[in-house]
Peer 1: 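To start, I am sharing the structure in question, which I have written as structure tokens.
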Amino acid sequence: MPDASSPKFARPLLAPDAPASGPGAPGNPPETPVSKNFLEQIIDEHIASGPNAGAGGGRWGNWPASEGWRAGKPRVHTRFPPEPNGYMHVGHAKSVCLNFGLAKKYDGKFNLRFDDTNPAKEEQEYVDSIIRDVIWLGGDFTTDGKGGKHGGGLFYASDYFGKMYEWAEELITKGRAYVCELSADEVSKRRGTPTQPATSPHRDRPIEESLRLFREMKAGKHPNGSMTLRAKIDLASPNFNLRDPVMYRILHESHQHTGNAWCIYPMYDWAHGFEDSIEGITHSICTLEFEIHRPLYDWFIQSVNLGRADNKIHHPQQIEFARLNLTYTITSKRKLLDLVEQKRVSGWDDPRMPTVSGMRRRGYAPEAIRNFCDDIGVTRQESVIDFTRLENAVRDHWNKHAPRAMCVLRPLKVVIDNWPKDASGKPVVEHLDFVMNPETAERAKEASGERGPGIGGAASPLTAPGSPITSSTRKIPFTGELFIERDDFMEVPPKKFFRLSPGNEVRLRWAYFLKCVGVDKDAAGNITCVHCTYDPATKGGDAPPGPNGEPPRKVKATLHWVSAAHAVDGEVRLFDRIFKEEEPGKRTGNYIDDLNPASLEVITDAKLDPYLINAAKHHTNTRDIIDGHGRTHKIVTSNGDVYQFERLGYFSVDADSKPGKLVFNRTVTLKDSWAKDAAKQ
RNA sequence: UGGGGUAUGGUGUAACGGUAGCACGAGUGACUCUGACUCACUUAGUCUAGGUUCAAAUCCUAGUACCCCAACCA
């Protein structure tokens, strides 16, 4: 049963002094109502009511004087409580953004806590990966002063096993728990039906006997599965979770954090509320499927508090929200693990994976992921978000932040027949100005604003030490032999094809106007080379005005290019969505059937802007995270610079890059209305 | 079949008895040295049926659809 004091849900409260006539009332300044999500509405309601409302602290009281700048503000304390049994995915990212975002918004605190109650499934590798991912996302739980100011600490549920054990004995003593010797199988058989109650033969065992057996369980005198500690709640409840749920099971198993100290381990329902309680969490935010567990959450805490006068333990409020679903994506730890174990991807950080590590490797910025989470909002309605929304957030971010380069993925040779040669007969080389990022002005503004925290302070290549951007333009070499994109030439162009074709004039970006005068073909009829002429008067990319002041002539297309003599070969990995169906597995029942066989295309001989060979970097950052035990976790995060390859998309330097050999991941394409139109025909 | 949830344009989300708004998408156009970006305009919605009310997305009644629950997982 929930606290009598717990309002069931978000019913917004009017501020006590809000004008009854509302924003539209005459005389009121035109208010721009900032709409709040349901979690914020609940928090506001808690602050505005409850035992400490008079002191401004509402239901949870105020932060104490020891909290410094936070002292006296109403307490809001959230947490992200992952089980370390897998890597974080985009759904977890939403939870981090939510929980950390709330702590930040309300000047509160945010904890990272590992819900490590099942040693059979959990591993240190996952602990480390989660710490890394949460920090990278900007969910700063650290208290060492190096991060933000909302860190509440790093904790482990396993640190509370001793306290939980004491409370379990207390519940036995109070007649609210008993040792049951039914096997898992038997419990299942005796579970009953929605209308028929469950049964247990040990329910009315004397308290002393349960206490003795429970102590024997803890002492290791009983084998796995031989007995459990069960809560004595209601065998007839239509909510099966209340039919005397298991609190402790015997597991003779070494734990990644507590070693061999325990052979009984608490179940989620018994443990989770206490974890929140001990840490002083105010709002325990979880996903919808836990809603029917909330009665247990409350029952266990109330059972400990039963009969206590003034040493009651803290009782947080559990609140549920709808988990994130994305089209063309799975967010199931089990299925993600399958993809890794069956080697259908290269690992947890395969850039096609919806894992945080995959998104990082692909080149998604944490700011973009946070913007995405803000954008989609939070509610209790199940929904499926278009994957393109995530991609849009990524594009939006890098458009403002990524330096530009010109690279040719599928090269087609261009020879400029009228290009001048020097005294020795070699084509002249010119060095032209190239604009690093046409949105420099905006970028400067952005850079002066608050940046997301990243490990080592490097939120993005632009703020990293040794940032490739040093000025608004740089030089690029241009000669009479170039590569252009194969797609940018058609011998027989369709309607509305503005790019290069025989007789048609286009612009080479930041260089010259170019006109096609002929093509070379091989024996099979494939075009091997395009012959062109250039107009020297268009140097820099603009035509001069006519002799009588006529407006300069225009071209409809601008192509990217790279000098054949200067281009650097590099590998580029083109990723497409990992599943070809919006809801993988919906049709056949097996999501594996919907894997997109074309989700990865590797181009080994892309012609890269020579600038990149020295400028593009892959960064490895380390940071020491100290947990509540004073233990240090050395966290290593690696990410590559992200560039826009003009007209193609955003590309990030992959960890596989080696000196002299660059490997780029296509992070996301640019929008392409030409391709869209073409696909429609 | 029992219990717990959720229904607003194609998608996501506001509204808290008083003008159904915003974003994304889509469409059209403008601009453009990236068919990008940007800008303008357009498009389209309260699950159904009753009821209360001067007034209903909102309150009431009855349906319908979808999601979750019978692990010693979380």
Side-chain angles (χ1 to χ4, degrees), chain A residues 10-14 22 24 33 35-37 41 81-83 85 115 117-118 120-121 180 182-185 187-188 191-196 198 224-230 237-243 245-251 264-265 267-269 271-272 286-295 320 322 327 333-334 375-386 388-389 392-393 395-396 399-400 404 406 435 438-439 442 496-499 507-511 538 540-542 554-560 644-649 669-678:
Chain A
R11 286 304 88 190
L13 279 192
L14 270 182
S35 81
K36 298 192 172 191
N37 67 46
Q41 291 179 6
E83 183 189 17
N85 68 344
D115 199 9
T117 57
N118 185 355
K121 293 189 172 179
C180 178
L182 253 24
S183 71
D185 214 32
V187 169
S188 176
R191 185 67 68 183
T193 69
T195 48
Q196 283 182 313
N224 287 359
S226 58
M227 49 183 74
T228 57
L229 184 70
R230 287 231 255 166
S237 174
N239 179 351
F240 277 74
N241 296 114
L242 296 175
R243 316 254 264 218
V246 171
M247 295 161 60
Y248 276 93
R249 78 283 217 185
I250 301 171
L251 236 39
I264 57 172
Y265 290 94
M267 299 288 290
Y268 168 86
D269 285 312
H272 204 84
C286 60
T287 44
L288 244 32
E289 69 267 27
F290 290 101
E291 177 153 36
I292 55 170
H293 294 250
R294 177 148 42 88
E320 309 84 17
T327 57
K333 280 191 194 175
R334 201 207 85 233
D375 188 41
I376 59 177
V378 56
T379 65
R380 291 172 55 82
Q381 300 169 34
E382 301 252 7
S383 62
V384 184
I385 308 289
D386 284 338
T388 52
R389 306 261 309 229
N392 280 340
R395 283 191 192 101
D396 200 50
N399 178 49
K400 295 174 194 143
R404 316 276 127 128
M406 291 199 290
V435 175
E439 313 212 4
E442 270 108 311
K496 288 169 84 174
F497 181 86
F498 307 143
R499 283 115 95 151
R507 169 169 38 232
L508 294 174
R509 180 97 156 140
W510 306 120
T538 57
D542 279 315
K554 295 200 168 196
V555 290
K556 291 196 94 167
T558 300
L559 308 188
H560 62 281
Q644 185 194 104
F645 291 0
E646 293 210 341
R647 303 209 303 135
L648 297 175
T669 60
L670 254 33
K671 278 192 202 159
D672 187 347
S673 60
W674 161 249
K676 201 172 69 178
D677 283 351

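Letters go in sequence order (proteins before strands), and every chain restarts at 1.
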Peer 1: Holding to side-chain contact (heavy atoms from CB on, under 4.5 Å), I want the full list of residues that pass it with A:M267, two or more places apart in sequence or in another chain.
Peer 2: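 Scan of A:M267 (side-chain contact (heavy atoms from CB on, under 4.5 Å), adjacent residues dropped) gives A:V246, A:R249.
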Peer 1: Considering only atom C1', compute the distance from B:A14 to B:C22 and round it to an integer number of Å.
Peer 2: 7 Å
Peer 1: Going by side chain to side chain donor-acceptor pair (under 3.5 Å), name the residues that satisfy it together with A:D269, two or more places apart in sequence or in a different chain.
Peer 2: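 Checked A:D269 against side chain to side chain donor-acceptor pair (under 3.5 Å); matches are A:H293.
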Peer 1: Which residues pass the ring pair (Phe, Tyr, Trp, His ring centres under 6.0 Å) test with A:F240, sequence neighbours left out?
Peer 2: none
Peer 1: Can you name the residues that form a salt bridge (Lys or Arg N to Asp or Glu O under 4.0 Å) with A:D396, not counting sequence neighbours?
Peer 2: A:K400
Peer 1: Distances under 3.5 Å between protein N/O atoms and the N/O atoms of nucleotides 22-28 of chain B, please, pair by pair.
Peer 2:
unit_1: B:G25; atom_1: OP1; unit_2: A:K671; atom_2: NZ; d: 2.9
unit_1: B:A26; atom_1: OP1; unit_2: A:K676; atom_2: NZ; d: 3.1
unit_1: B:G27; atom_1: OP1; unit_2: A:K680; atom_2: NZ; d: 2.4
unit_1: B:G27; atom_1: OP2; unit_2: A:K676; atom_2: NZ; d: 3.3

Peer 1: Who passes salt bridge (Lys or Arg N to Asp or Glu O under 4.0 Å) against A:D375, sequence neighbours left out?
Peer 2: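 A:D375 satisfies salt bridge (Lys or Arg N to Asp or Glu O under 4.0 Å) with A:R389 only.
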Peer 1: Just the atom pairs and distances: protein N or O near nucleotides 63-68 of chain B's N or O, under 3.5 Å.
Peer 2:
unit_1: B:C67; atom_1: O2'; unit_2: A:E382; atom_2: OE2; d: 2.8

Peer 1: Looking at residues at least two apart in the chain, or sitting in another chain, which of them share a salt bridge (Lys or Arg N to Asp or Glu O under 4.0 Å) with A:R499?
Peer 2: A:D488
Peer 1: What N/O pairs connect the protein and nucleotides 44-47 of chain B at under 3.5 Å? Give each pair on its own line.
Peer 2:
none

Peer 1: Could I get the full list of side-chain contact (heavy atoms from CB on, under 4.5 Å) partners for A:E382, not counting sequence neighbours?
Peer 2: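 Counting only residues at least two positions away or on another chain, A:E382 forms a side-chain contact (heavy atoms from CB on, under 4.5 Å) with A:L288, A:N325.
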Peer 1: Stem finding on RNA chain B, please: runs of three or more consecutive Watson-Crick or G-U wobble pairs, both distances under 3.5 Å, sorted by first number.
Peer 2: B:2-7 with B:64-69, B:10-13 with B:21-24, B:25-30 with B:38-43, B:47-51 with B:59-63
Peer 1: For A:D115, enumerate each residue passing the side-chain contact (heavy atoms from CB on, under 4.5 Å) test, keeping only those at least two apart in sequence or located in another chain.
Peer 2: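 Applying side-chain contact (heavy atoms from CB on, under 4.5 Å) to A:D115 gives A:T117, A:A157, A:Y268, A:H272, A:E275.
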